[in-house]
Protein chains: 2
Amino acid sequence: MTRKLPDKTVERLSQYRRALLNTLSGGKHHIFSHEIANLLHITAVQVRRDIMLIGYTGTLRQGYDVNELIDIIGKIIDTREGQKVAVIGIGNLGRAIMGYFSGKRTRLNIVAAFDSNPDKTDKIYAGVPCYHSDKMMEIIKNEGISIAVISVPGEFAEKVAEDLTMAGIKGILNFSPKPLNVPAHVYLQEFDMLTMLEKVAYFVKKS
Amino acid sequence: MTRKLPDKTVERLSQYRRALLNTLSGGKHHIFSHEIANLLHITAVQVRRDIMLIGYTGTLRQGYDVNELIDIIGKIIDTREGQKVAVIGIGNLGRAIMGYFSGKRTRLNIVAAFDSNPDKTDKIYAGVPCYHSDKMMEIIKNEGISIAVISVPGEFAEKVAEDLTMAGIKGILNFSPKPLNVPAHVYLQEFDMLTMLEKVAYFVKKS
DNA sequence: AAATTACTGTTATTTTAATAACAATGTTAT
DNA sequence: ATAACATTGTTATTAAAATAACAGTAATTT
Ligand SMILES: NC(=O)c1ccc[n+]([C@@H]2O[C@H](COP(=O)([O-])OP(=O)(O)OC[C@H]3O[C@@H](n4cnc5c(N)ncnc54)[C@H](O)[C@@H]3O)[C@@H](O)[C@H]2O)c1
Ligand SMILES: NC(=O)c1ccc[n+]([C@@H]2O[C@H](COP(=O)([O-])OP(=O)(O)OC[C@H]3O[C@@H](n4cnc5c(N)ncnc54)[C@H](O)[C@@H]3O)[C@@H](O)[C@H]2O)c1
C-alpha cells in the first residue's frame, strides 16, 4: 500500500478509526458509509472515496465490516513495529496530551516525557516516566524514539527542536507558539489554538 | 471589507498578526513578504496574495508597515466591540488554554470559565473567574458570551454543547473527542491532537 | 419476473487553494 | 543616464480536495 494518499485522507482515516473503535465498543459490527459520515459531519461520498483509496471494499447490503476496516486503516497509518513518541515539556498542555493519549489503542506509544524543572522529573505521568531534559538526547537515541511533541514555552522551543533533530527525531508536532526551523527530512506539524479560535470568531462574525 | 476570504487565508491572517506582533516587539517596523513567509514557513507569493486579498498595499522598497498591517488584519478578523469567550472544563487542557490566551493582545476576551467540580470553581485561573457549570447558561446569556471552548471529557460534551446552543452561543471550538451535533447557525470547529500525531507518524513512515 | 430500493465503487466535474509568471516601479550601481 | 536589481501586486496556471453523477448489484417488493 505504498500509494500516496492525500493529506486530508490521512487525517480522516485516523478519525474514522477512532469513530470505528467507538462503534465497536458499542457492539456494532457493520457500518454504512453514511453512518460514518454522520459521526464525523462529512458526506458519505467522501467516506467511500477515502475507503476506495485505501483499497478496502465493503459488502453491498451490510456496508463495511468494522473490524476489518479498523485493521486495514491500521495497516496504512501504523508501522508494523509501532513508533515511539516523546513529549517535551510537562506543563498543563503536556499533561493534557499525556492524559489524552494514554490508553488509546494505537501503535503510537508515548514512552518518555522530558522537562527541565527538577520538581517535575523522575515521576510518572499517565504511566509514562518523565526524565530531566539533560538526558533527552541520549534517551531518544537509545530508545529509538522517532516522534516528538513539543509543549515547552516559545523561547525554548527552537533549542529543543535542534536537540531533537540532532538526536535523530523524524517528526515533530509543535504546540509552542514559535514556528520552528527544521531540516527537510524532519516532518513538522505546527498547531495553534489561537488561530483556531480566531477563525471561529471570524466565521461567527460573518453570520 | 465584507468580501469573503478563503478559509485558509483567514487562518494565515491570524498567524501573520501573531508573527507581526513579535516583530514589532523586536523593534522592527517594516517587513518584506519573504520575511513574513520565512517566519511561517510558507512562500512569499502566498503572503502577498493574502495581503492583496485584504486590500492592503505595501511600499516598494520597505515592504509592509508592521503597525498598519497589524491594524488592517485586526479590522478584518476582529469585531469592533470584541467577542467574549468562555472555556468549559478546567482540567489540564482547559488550564493550558487559559494560560496560553491570557495576555495575548486580541479582541477575543476569555471572560469566564466553567467546571462541574466544586473544587475547581470560585477561583481565578489566569485572571479569569471559574464558575460552577450550573450557572453557565445564565452567565453566558447575561454577559453576551458568543464563543465557547469545550474541554470537558467526551461523555459530557454533547450535553454541554446543547446547553451552550440554548444559551445562544454562536461558535464552538471543541477539543473533546466526541464529534458534536449543533444547529447550522452555530459555527463548529473540532480539533484532535491524536489525528495530528497520527498524521505526523504517517508522513514520517513514508520517508 | 420485473421494478424498486438502498447501498457501494468509480469516474467526471467543480471548487478551492497554491504556485508560477510577469508587469510595474522605485533604488542602487555603473 | 542607463542598466541591473529587488520588491510589490495581479493575473494565469496548476494542483489538491470536495462534490456530483452514475453504473453496478444484491435484496426486497409488487
Ligand atoms: N499551540 C497551542 O495551541 C498552545 C496551547 C496552549 C499552550 N501553548 C504553548 O505551549 C507551551 C506550554 O504550555 P503550558 O500551559 O503547558 O505551559 P507550562 O508553563 O505549564 O509548561 C511548560 C513546561 O515546559 C517545561 N520546560 C521549560 N523549558 C524546557 C526545556 N528546555 N526542556 C524541557 N522542558 C522545559 C517547564 O518546566 C514546564 O513544565 C507554551 O509555550 C504555551 O504558550 C500552545
Ligand atoms: N482534542 C484534543 O486534542 C484533546 C487533547 C487533550 C485532551 N482532550 C480531551 O479534552 C478533555 C479534557 O482533557 P483534560 O486533560 O483537561 O481532562 P481533565 O479530566 O483534566 O479535565 C476535565 C475537566 O472537565 C470538568 N467537567 C466534567 N464535566 C463537566 C461539565 N459537565 N461541565 C463543566 N466541566 C466539566 C472536570 O471537572 C474537569 O475539571 C478530555 O475529553 C480529553 O479527552 C482532547
Side-chain angles (χ1 to χ4, degrees), chain A residues 1 3-16 20 23 28-66 68-69 72-73 76 184 188-190 195 199 202-203 206, chain B residues 1 3-16 20 23 28-66 68-69 72-73 76 184 188-190 195 199 202-203 206:
Chain A
M1 200 53 53
R3 191 134 58 99
K4 196 175 152 280
L5 296 172
D7 234 71
K8 297 287 172 165
T9 295
V10 173
E11 285 181 25
R12 282 189 299 266
L13 287 175
S14 160
Q15 293 169 343
Y16 295 161
L20 290 168
T23 303
K28 200 163 144 58
H29 287 263
H30 289 89
I31 195 164
F32 296 123
S33 60
H34 64 262
E35 292 178 303
I36 300 179
N38 285 340
L39 291 173
L40 273 75
H41 308 128
I42 58 177
T43 66
V45 187
Q46 181 93 81
V47 172
R48 293 206 299 279
R49 213 172 182 297
D50 287 335
I51 290 176
M52 179 195 83
L53 289 176
I54 63 175
Y56 179 67
T57 276
T59 60
L60 199 41
R61 266 287 118 148
Q62 301 186 103
Y64 305 98
D65 181 296
V66 179
E68 281 178 20
L69 189 45
I72 297 273
I73 293 177
I76 309 282
L188 175 65
Q189 171 82 49
E190 318 232 14
T195 295
K199 185 179 164 194
Y202 177 81
F203 285 107
K206 298 284 98 172
Chain B
M1 199 54 51
R3 190 132 57 99
K4 199 175 149 278
L5 296 172
D7 234 72
K8 298 287 171 164
T9 295
V10 173
E11 285 181 25
R12 282 190 298 266
L13 287 176
S14 161
Q15 294 170 343
Y16 296 161
L20 291 169
T23 303
K28 200 164 144 56
H29 286 266
H30 289 90
I31 195 165
F32 295 123
S33 60
H34 64 261
E35 293 178 302
I36 300 179
N38 286 341
L39 292 172
L40 273 74
H41 309 129
I42 59 177
T43 66
V45 187
Q46 181 91 83
V47 173
R48 292 206 299 278
R49 211 171 185 298
D50 285 336
I51 291 177
M52 180 194 82
L53 289 176
I54 63 175
Y56 179 65
T57 276
T59 61
L60 199 41
R61 263 288 118 147
Q62 303 187 103
Y64 304 99
D65 181 294
V66 179
E68 279 178 21
L69 189 45
I72 297 275
I73 294 177
I76 308 284
L188 175 65
Q189 170 82 49
E190 319 232 13
T195 296
K199 185 180 165 193
Y202 176 82
F203 285 107
K206 298 283 97 173

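All values derive from a computational prediction rather than experimental measurement. Computation of the quantities below employed the complete heavy-atom set of this structure, encompassing side-chain atoms and omitting hydrogens, waters and symmetry-equivalent molecules. Letters go in sequence order (proteins before strands), and every chain restarts at 1.
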TODO: Using whole Å, report how far OH of B:Y64 lies from P of D:dT7.
DONE: 12 Å
Task: side-chain hydrogen bond (donor to acceptor under 3.5 Å, both in side chains): pairs with one or both residues in residues 51-61 of chain B, sequence neighbours excluded - done: B:Y56-B:E68
- [ ] Measure from the side-chain heavy atoms of A:Q46 and tell me the nearest of D:dA18, C:dG9, D:dG9.
- [x] D:dA18
Task: Minimum side-chain heavy-atom gap A:L39-A:I31 below 4.5 Å - done: yes
Task: Contacts of type side-chain hydrogen bond (donor to acceptor under 3.5 Å, both in side chains), residue A:D7, not counting sequence neighbours - done: B:K199
Open item on the list: Rounding to an integer number of Å, can you tell me how far B:L5 CG sits from C:dA17 P?
Closed with: 11 Å
Task: Partners passing salt bridge (charged side-chain N to carboxylate O under 4.0 Å, His left out) against A:K28 (at least two apart in sequence or in another chain) - done: A:E35
Open item on the list: Rounded to whole Å, how long is the line connecting atom CD1 of B:I54 with atom P of D:dT8?
Closed with: 14 Å
Open item on the list: Can you tell me if A:T9 touches the phosphate of D:dA17, counting only side-chain N or O atoms and a distance under 4.0 Å to OP1 or OP2?
Closed with: no
Task: Euclidean distance, atom CG of residue B:D7 to atom P of D:dA18 [Å, nearest integer] - done: 11 Å
Task: Nearest-neighbour nucleotide for the B:K8 side chain, C:dA17, D:dA18, D:dT8 considered - done: C:dA17
Task: Distance in angstrom units between A:Y56 OH and C:dT8 C1', rounded - done: 12 Å
TODO: Spell out protein contact along nucleotides 20-30 of chain D as letters: B when the base is contacted, S when just the sugar-phosphate is, - when no protein heavy atom is under 4.0 Å; keep the 5' to 3' order.
DONE: B---BBSS---
Task: side-chain hydrogen bond (donor to acceptor under 3.5 Å, both in side chains) involving A:Y16 - partner list, sequence neighbours excluded - done: A:D50
Task: Atom-pair distance (CD on A:E35; P on C:dA6), nearest Å - done: 14 Å
Open item on the list: Could you check whether any side-chain heavy atom of A:L69 comes within less than 4.5 Å of a side-chain heavy atom of A:I36, counting everything from C-beta outward?
Closed with: yes
Open item on the list: Under the rule for side-chain contact (heavy atoms from CB on, under 4.5 Å), what residues qualify as partners of A:H41, not counting sequence neighbours?
Closed with: B:P179, B:N181, B:L188, B:E190
TODO: Using atom NE2 of B:H30 as one end and atom P of D:dT7 as the other, report the distance to the nearest whole Å.
DONE: 14 Å
- [ ] Would you mind reading off the distance between A:H34 atom NE2 and C:dT5 atom P, rounded to a whole angstrom?
- [x] 17 Å
